[in-house]
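Indexing begins at 1, ligand by ligand and atom by atom, following the structure's order.
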Amino acid sequence: MRLDEHRVVVTGAGRDFGRSLAISLAELGAEVFLAARSLDAVERVREEIRGEGGSAHAFACDLGVPASVAAFAAAVSERTDRIDVLVNNGAPYLQTGGLTAADDEQIVDTIGAGATGTVLAVKHFLPLLLASERPDIVTMVSACGETGHHRSEAHEAFYAAKSAQAGFTEILSKRLRPKGVRVISLYPPDFDNPDRRSEEWAAEREAQDELSARSLVDCVLFAIGQPRDCFIKSFYFEQR
Ligand SMILES: NC(=O)c1ccc[n+]([C@@H]2O[C@H](COP(=O)([O-])OP(=O)(O)OC[C@H]3O[C@@H](n4cnc5c(N)ncnc54)[C@H](OP(=O)(O)O)[C@@H]3O)[C@@H](O)[C@H]2O)c1
């Protein structure tokens, strides 16, 4: 599969899963528009991709700051008249020993960037997506967004943020389907993020039966690579 004609936005692309996904997309020929809170971090990813002949652009975006999300979308729209895929990947993780152990600011950041930031990203990128002939919105939710899930050590605010993403993408998939947009959501349990270029990355999937970041990258690539009649709405994973 090649993605040569695809223009893809990835949030939280400065490290970990977002970086791995961005590099994989670019290897398949996609032009990637990458954002992270730290411009330095995402510029390093951009240079990694360009160093291997890929096409990448870097932007600063703090999903917890509405003006920053709007500015990111505006900056991307100066470079392209359409986006084919928006990947809502960036979201802060919060793990503490109980509801009262996190301070108020951590709770506001977790829900603000994870939930509100995702809604705002879709809102501001929707015009560019609707200019595509094959628009997809991919969201890295979490098993924490599944009703009744309780097996993560994540803070309650993280559960709240991921449940909000789940509710948002659910209604979005219904409302945007008539406009030709596939809204694809992934609900993975905890997974490790070995460096995309490390031997662990290559060996990860074979070495253990826990869900690997590499397999999740493959899920995203598979879903967006399907013809338009094949709308894979959600990926759920059995937790070990
Ligand atoms: N790893 C897991 O076990 C797991 C399981 C289920 C779902 N997920 C979801 O999958 C996605 C990627 O996971 P990951 O393991 O790569 O997460 P991670 O290691 O916790 O990294 C979080 C990512 O989100 C970005 N981010 C955090 N706050 C942000 C903000 N205010 N504005 C913009 N970006 C922000 C981070 O960027 P900075 O560099 O700026 O901090 C980083 O790129 C996340 O949505 C996560 O919730 C992960």
Side-chain angles (χ1 to χ4, degrees), residues 9-24 32-46 58-73 86-96 105-122 124-125 137-146 149-155 157-166 168-169 184-196 201 204 208 210-217 219-220 234-240:
V9 168
V10 183
T11 64
R15 63 182 169 101
D16 296 336
F17 187 77
R19 169 179 167 270
S20 296
L21 180 63
I23 293 170
S24 296
V32 291
F33 298 78
L34 310 176
R37 279 184 292 190
S38 157
L39 186 59
D40 279 356
V42 81
E43 282 179 342
R44 282 195 292 277
V45 179
R46 179 193 66 191
F59 305 85
C61 175
D62 186 335
L63 290 162
V65 178
S68 177
V69 182
F72 170 38
L86 166 65
V87 182
N88 294 310
N89 171 74
Y93 183 67
L94 185 59
Q95 177 174 354
T96 54
E105 197 179 329
Q106 287 177 302
I107 291 171
V108 168
D109 286 350
T110 302
I111 299 175
T116 311
T118 298
V119 176
L120 290 174
V122 173
H124 288 289
F125 278 104
I137 297 171
V138 176
T139 305
M140 290 298 293
V141 188
S142 163
C144 297
E146 284 181 50
H149 186 273
H150 60 89
R151 293 176 64 191
S152 168
E153 309 222 320
H155 191 271
F158 184 79
Y159 269 89
K162 292 299 176 178
S163 298
Q165 284 185 330
F168 173 59
T169 55
I184 299 161
S185 303
L186 288 83
Y187 294 81
D190 292 350
F191 61 89
D192 285 333
N193 272 304
D195 188 272
R196 172 65 180 74
W201 169 267
E204 191 189 30
Q208 56 188 349
E210 281 180 37
L211 182 61
S212 70
R214 189 177 177 191
S215 294
L216 285 169
V217 166
C219 288
V220 174
S234 310
F235 286 87
Y236 294 100
F237 305 85
E238 190 60 45
Q239 192 164 351
R240 216 160 69 108

For ligand 1, is any non-hydrogen atom under 4.0 Å from Ala213's backbone (N, CA, C, O), its side chain (CB onward), both, or neither? neither

Considering distance alone, does some N or O of Phe17 sit under 3.5 Å from an N or O of ligand 1? yes

For atom 14 (P) of ligand 1, the protein heavy atom that lies nearest, with its residue and separation: Asn193 ND2, 3.5 Å

Checking side-chain hydrogen bond (donor to acceptor under 3.5 Å, both in side chains) for the pair Ser185/Thr169: CA distance, chi angles, key distance, verdict? CA-CA 7 Å; Ser185 303; Thr169 55; 3.1 Å; yes

Contact between Asn88 and Ile137 at the side-chain level, heavy atoms closer than 4.5 Å - yes or no? yes

Among all protein heavy atoms, pick out the one at the shortest distance from atom 19 (O) of ligand 1; state its residue, atom name and that distance to 0.1 Å. Asp16 OD2, 2.6 Å

Could you see which bit of Ala113 sits under 4.0 Å from ligand 1, with heavy atoms only: side chain, backbone, both or neither? side chain

Could you report the tightest heavy-atom contact between Val45 and Ala13, atom names first, then the distance? CG2-O, 3.4 Å

Min side-chain heavy-atom separation Asp109-Gln106 under 4.5 Å: no

Within 4.0 Å of some non-hydrogen atom of Cys61, the atoms of ligand 1 are 32 (N), 33 (C)

Atom pair CD1 (Ile111) and CZ (Phe158), whose distance is rounded to the nearest 0.5 Å: 11.5 Å

For atom 44 (C) of ligand 1, what's the nearest protein heavy atom and its distance? Asn89 O, 3.1 Å

For ligand 1, which atoms, with element, lie under 4.0 Å from some heavy atom of Asp62? 30 (C), 31 (N), 32 (N)

Going by the order shown, which atoms of ligand 1 are within less than 4.0 Å of some heavy atom of Asp190? 3 (O)

Nearest heavy atom to atom 30 (C) of ligand 1 wins, so pick from Met140, Gln165, Arg37, Arg15. Arg37

Is there a heavy atom of Leu186 sitting under 4.0 angstrom from any atom of ligand 1? no

Closest to atom 22 (C) of ligand 1 (judged by heavy-atom distance), picking from Cys144, Ala121, Ala91: Ala91

Can you find a non-hydrogen atom of Tyr187 under 4.0 Å from ligand 1? no

Measure the spacing between CG of Asp195 and CG of Asp16 and express it to the nearest 0.5 Å. 9.0 Å

Let's go through Ser24 and Arg196 carefully: what are the C-alpha distance in whole Å and the side-chain angles of both, what is the deciding distance for side-chain hydrogen bond (donor to acceptor under 3.5 Å, both in side chains) to 0.1 Å, and is it a yes or a no? CA-CA 9 Å; Ser24 296; Arg196 172 65 180 74; 3.1 Å; yes

The atoms of ligand 1 lying under 4.0 Å from a heavy atom of Gly64, numbered in the order shown, are 31 (N)

Give the minimum heavy-atom separation between Met140 and Gln165, together with the two atoms involved. O-OE1, 3.5 Å

Counting from 1, what ligand 1 atoms have a heavy atom of Phe158 closer than 4.0 Å? 47 (O)

Please classify the Ala41 to ligand 1 contact at 4.0 Å (heavy-atom distances, strictly less than): side chain, backbone, both or neither. neither

Counting from 1, what ligand 1 atoms have a heavy atom of Gly90 closer than 4.0 Å? 24 (O), 25 (C)

Between Phe17 and Phe191, is the gap from one ring center to the other below 6.0 Å? yes

Between Asp190 and Arg151, does any side-chain N to carboxylate O distance fall below 4.0 Å? no

How long is the gap from CZ on Phe237 to CG on Leu186, to the nearest 0.5 Å? 5.0 Å

Closest heavy-atom approach to atom 3 (O) of ligand 1 among Phe191, Phe72, Phe237, Tyr93 is made by Phe191

What do you think, any protein heavy atom under 4.0 angstrom from atom 10 (O) of ligand 1? yes

Thr11 side-chain N/O to Asn89 backbone N/O, donor-acceptor pair under 3.5 Å: yes

Using heavy atoms and a threshold below 4.0 Å, how should the contact between Lys162 and ligand 1 be classified: side chain, backbone, both, or neither? side chain

For Pro189, is the nearest heavy atom under 4.0 Å from an atom of ligand 1? yes

Just to confirm my output: which protein heavy-atom neighbour is closest to atom 7 (C) of ligand 1, and how far is it? Val141 O, 3.1 Å

Part of Asn88 within contact of ligand 1 (heavy atoms, under 4.0 Å): neither

Using 30° and 60° as the class limits, which term best fits the ring planes of Phe59 and Phe72: parallel, tilted or perpendicular? tilted

For a quick test of reading the model, state the closest non-hydrogen atom pair linking Ser152 to Ala154 and the distance between them. OG-N, 2.9 Å

Ile107 vs His155 side-chain heavy atoms within contact, under 4.5 Å: yes

Nearest candidate to atom 34 (N) of ligand 1, where distance is taken over non-hydrogen atoms, out of Leu63, Leu216, Asp192, Leu94: Leu63

Quick one: nearest non-hydrogen protein atom to atom 6 (C) of ligand 1, plus distance? Pro188 O, 3.1 Å

If you scan protein heavy atoms around atom 43 (O) of ligand 1, the nearest is Gly12 O, 2.9 Å

